[in-house]
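Below you'll find the structure, written out as structure tokens, and then a few comments.
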Amino acid sequence: MKTVNPLHRFSLRSPYASVSTGRKGWRGEGDSRAIVSPVDGGKLGEVKVATSIDLNKVIQSARIASKIWMDKPAPERGDIVRQIGNAFRNHKEDLGYLISYEMGKSLQESWGEVQEVIDICDFAVGLSRQLYGLTMHSERADHRMYEQWHPLGLVGIISAFNFPVAVWAWNAMISLVCGNVCIWKPSEKTPFSALACQHIIQEVLEDNDLPEGLINLIIGDRRIGAALASNPAIDLISATGSTVMGKQVAQSVAARLGKSLLELGGNNAIIITPDADLQLAIPAIVFGAVGTSGQRCTSTRRLIIHKDIYPTVVEKLITAYHQIKIGSPLDINNHMGPLIDVHAVEKYKSAIHQAQLQKGKVLTGNEVLSGHEYHSGCYVRPTLIQIPSHAPIVQEETFAPILYLLTYHSLEEAIEIQNEVKQGLSSAIFTLNMREAETFLSHRGSDCGIANVNIGTSGAEIGGAFGGEKETGGGRESGSDSWKAYMRRQTCTSNWSKKLPLAQGIKFNL
Ligand code: NAD
């Protein structure tokens with residue numbers, strides 16, 4: 001049965017079934033690009049990509065909006081974000097359906113993604129009254145010293161296909177309350193989800209008489225992303241995607257001494273110790289490796305299992321893997337949908353082939369599914385591979401449901417294996433042994449930005465700072481004090497004495 005194109009199915013459809021340059025804050029005068037669903041190969045529609053002329057127009061209109069927006073008190077900006085959150089509440093179901101169809105993740109996960117947009121709006125509203133600076137005691141009498149935070153100006157957001165809307169919202173909503181105007185370059189693979197967000201927000205802008213240039217979208221591939229990154233008008237580039245992309249963006253932004261915030265690839269591991277509660281561990285592993293078809297930056301890619309429990313864990317995992325239902329993500333009975341496109345399927349096949357050449361043994365999986373339900377060619381079977389930890393393929397992030405099973409003898413060795421990859425995003429240990437857990441969380445433990453005990457690697461809450469170390473890029477987004485990346489710090493000293501004392505007691509008598 002062919003799935004009904006969500007653009008013809010729900011209330012958001014009409015404005016963007018066919019998209020060209022519009023009044024709604026996105027631009028595109030370049031070539032048309034057809035967007036095809038990985039779910040059933042159906043065509044969602046066509047979008048026109050942005051040219052460099054379009055980008056310049058967007059930047060101009062964003063600059064005008066920026067002046068108006070910066071002048072608003074932060075709590076007033078927060079009120080607009082509150083309304084944006086409510087608009088997303090109203091469109092949660094439709095938008096979730098569109099994300100599922102365009103990207104291929106399950107409906108549950110897509111609705112969860114829209115919920116993250118709503119949650120970050122709520123977080124940002126509270127934050128709009130808490131953009132605190134510190135005060136310090138001046139070493140000079142009758143002087144007041146403090147720091148304050150000002151908006152940066154224009155923020156460019158480059159996002160990946162696997163979270164078509166949530167990662168943008170993490171950046172955009174925090175950035176908006178901080179007083180910035182954002183220009184979003186979504187993945188070229190998921191432009192319709194981005195366009196839907198643009199429409200949802202447009203309702204709020206119109207209701208509040210706000211300029212169109214406050215929320216901006218440019219659609220296109222890496223070329224327009226690179227043009228955005230190198231443009232000196234953009235005060236901060238927040239880029240989410242592969243490490244290859246991050247290295248290019250980092251160099252381009254650094255060359256103009258701009259600011260960048262990077263959220264790049266992961267190669268996340270779970271350590272399973274003999275003291276693990278396997279009732280918790282097995283579902284966490286399976287969700288981490290198979291959820292979103294292994295296409296999360298936090299997906300579990302390596303399992304480091306103590307040798308004594310290795311046979312038990314493997315047996316339980318194989319049983320669980322055989323129960324996974326693969327099919328349309330729009331059917332909530334299925335656990336796993338398709339990969340994003342046939343190129344991703346090729347990468348899945350190639351990684352398994354390389355693993356086999358590197359002494360890897362496939363325990364289950366290694367199959368591209370065929371037949372009526374799978375005719376888009378993007379469905380694969382999740383795969384377990386037993387392999388030595390030093391195999392080169394294990395060091396790489398393959399964006400597919402492939403889980404490498406590794407063994408260890410001592411906790412020290414397990415942590416060493418966990419940390420030896422180039423990426424440093426998410427990590428976890430399953431143990432009920434307090435010493436093991438605390439060692440893992442100590443400076444001698446995980447070197448990742450996220451370290452969990454008795455929770456898998458995938459799925460983070462918006463309240464914490466999200467991001468990773470090493471080749472994951474070092475950036476932090478979302479909760480905690482991540483907002484500081486979207487503002488400029490100013491240290492101010494005010495002299496209300498009748499003298500001009502110099503710092504460090506320096507005398508300069510005239
Ligand atoms: P990708 O790197 O191919 O593309 C990501 C975005 O960058 C897209 O919008 C793309 O058009 C743009 N882009 C690519 N090259 C560019 C360049 N040279 N200059 C400017 N823009 C450029 O990644 P993808 O396949 O869409 O997503 C998967 C990757 O994203 C994985 O590596 C995954 O781990 C990572 N990711 C990381 C996080 C995180 O928070 N750490 C979150 C989601 C995804």
Side-chain angles (χ1 to χ4, degrees), residues 33 38 47 49-50 52 55 102-105 109 113 116 156-171 183-191 193-194 217-231 234 237-255 258 260-268 292-301 339-341 343-344 346-347 396-400 421-427 448-450 457-460 462 464-479 482:
R33 193 187 161 107
V47 285
V49 299
S52 54
L55 176 61
E102 186 173 42
M103 183 272 164
K105 65 170 69 173
E109 290 183 59
E113 177 159 0
E116 268 194 40
I157 302 169
I158 297 172
S159 61
F161 78 86
N162 63 329
F163 277 91
V165 306
V167 168
W168 157 76
W170 290 0
N171 282 280
I183 300 174
W184 180 18
K185 208 290 291 167
S187 167
E188 58 274 34
K189 295 173 186 172
T190 53
S193 299
L217 184 62
I218 47 161
I219 290 173
D221 60 17
R222 62 187 56 205
R223 286 165 294 183
I224 203 76
L228 182 69
S230 63
N231 196 307
I234 309 299
I237 287 284
S238 175
T240 301
S242 58
T243 296
V244 172
M245 175 281 287
K247 285 182 177 170
Q248 289 165 357
V249 167
Q251 286 177 35
S252 155
V253 177
S260 60
L261 192 172
L262 301 173
E263 297 283 351
L264 312 175
N267 189 352
N268 318 295
T292 329
S293 307
Q295 298 173 111
R296 286 189 184 210
C297 51
T298 53
S299 289
T300 310
R301 312 215 175 273
L339 289 172
I340 183 69
D341 53 26
H343 304 294
E346 286 309 311
K347 287 184 182 161
E396 282 177 30
E397 178 196 49
T398 301
F399 229 47
V421 296
K422 286 177 287 187
Q423 309 83 349
L425 182 52
S426 187
S427 60
C448 292
I450 297 169
T457 58
S458 115
I462 59 118
F466 182 89
E469 302 299 326
K470 303 193 292 187
E471 287 203 354
T472 302
R476 291 297 185 277
E477 284 175 355
S478 191
S482 306

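Being a predicted model, the structure only gives us computed values, none of them experimental. Just so you know, these numbers use all the heavy atoms, side chains as well, and skip hydrogens, waters and symmetry mates. Counting convention: from 1, in listed order, for ligands and their atoms alike.
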Pairs of nitrogen or oxygen atoms closer than 3.5 Å, one from [X] and one from ligand 1: do any exist?
{"X": "T472", "value": "no"}
{"X": "F399", "value": "no"}
{"X": "T243", "value": "no"}
{"X": "E188", "value": "yes"}
{"X": "Q248", "value": "yes"}
{"X": "E397", "value": "yes"}

Among protein heavy atoms, which sits nearest to [atom], and what does the distance come to when rounded to 0.1 Å?
{"atom": "atom 36 (N) of ligand 1", "value": "C297 CB, 3.6 Å"}
{"atom": "atom 26 (O) of ligand 1", "value": "F161 N, 3.2 Å"}
{"atom": "atom 40 (O) of ligand 1", "value": "F466 CE2, 3.1 Å"}

Please compare [options] and report which has the shortest non-hydrogen distance to [atom].
{"atom": "atom 9 (O) of ligand 1", "options": "G265, G225, G220, S159", "answer": "S159"}
{"atom": "atom 3 (O) of ligand 1", "options": "A227, A239, S242, A194", "answer": "S242"}
{"atom": "atom 35 (C) of ligand 1", "options": "P164, G241, A160", "answer": "G241"}
{"atom": "atom 5 (C) of ligand 1", "options": "N267, L228, T240", "answer": "T240"}

Between E102 and S193, is any side-chain donor less than 3.5 angstrom from a side-chain acceptor?
yes
Looking just at side-chain N and O atoms, do T457 and T300 make a donor-acceptor pair shorter than 3.5 Å?
yes
When you look for heavy atoms under 4.0 Å from ligand 1, do you find them on the side chain of [X], its backbone, both, or neither?
{"X": "I158", "value": "side chain"}
{"X": "L264", "value": "backbone"}
{"X": "V244", "value": "neither"}

Only heavy atoms of [X], strictly under 4.0 Å: list the atoms of ligand 1 that pass.
{"X": "D221", "answer": "11 (O)"}
{"X": "A226", "answer": "19 (N), 20 (C)"}
{"X": "N162", "answer": "43 (C), 44 (C)"}
{"X": "P186", "answer": "9 (O)"}
{"X": "S187", "answer": "9 (O)"}
{"X": "V249", "answer": "19 (N), 20 (C)"}
{"X": "M245", "answer": "2 (O), 7 (O), 13 (N), 14 (C), 15 (N), 16 (C), 22 (C)"}

To the nearest 0.5 Å, what is the distance between OG1 (T292) and CD1 (I340)?
11.5 Å
A quick test of your reading: do over 12 heavy atoms of other residues, nucleotides or ligands sit less than 6.0 Å from NZ of K347?
no
Is there a side-chain contact between F399 and R301 (heavy atoms, below 4.5 Å)?
yes
Salt-bridge criterion met for K247 and E471 (N-O under 4.0 Å)
yes
Can a non-hydrogen atom of A229 be found less than 4.0 Å from any atom of ligand 1?
no
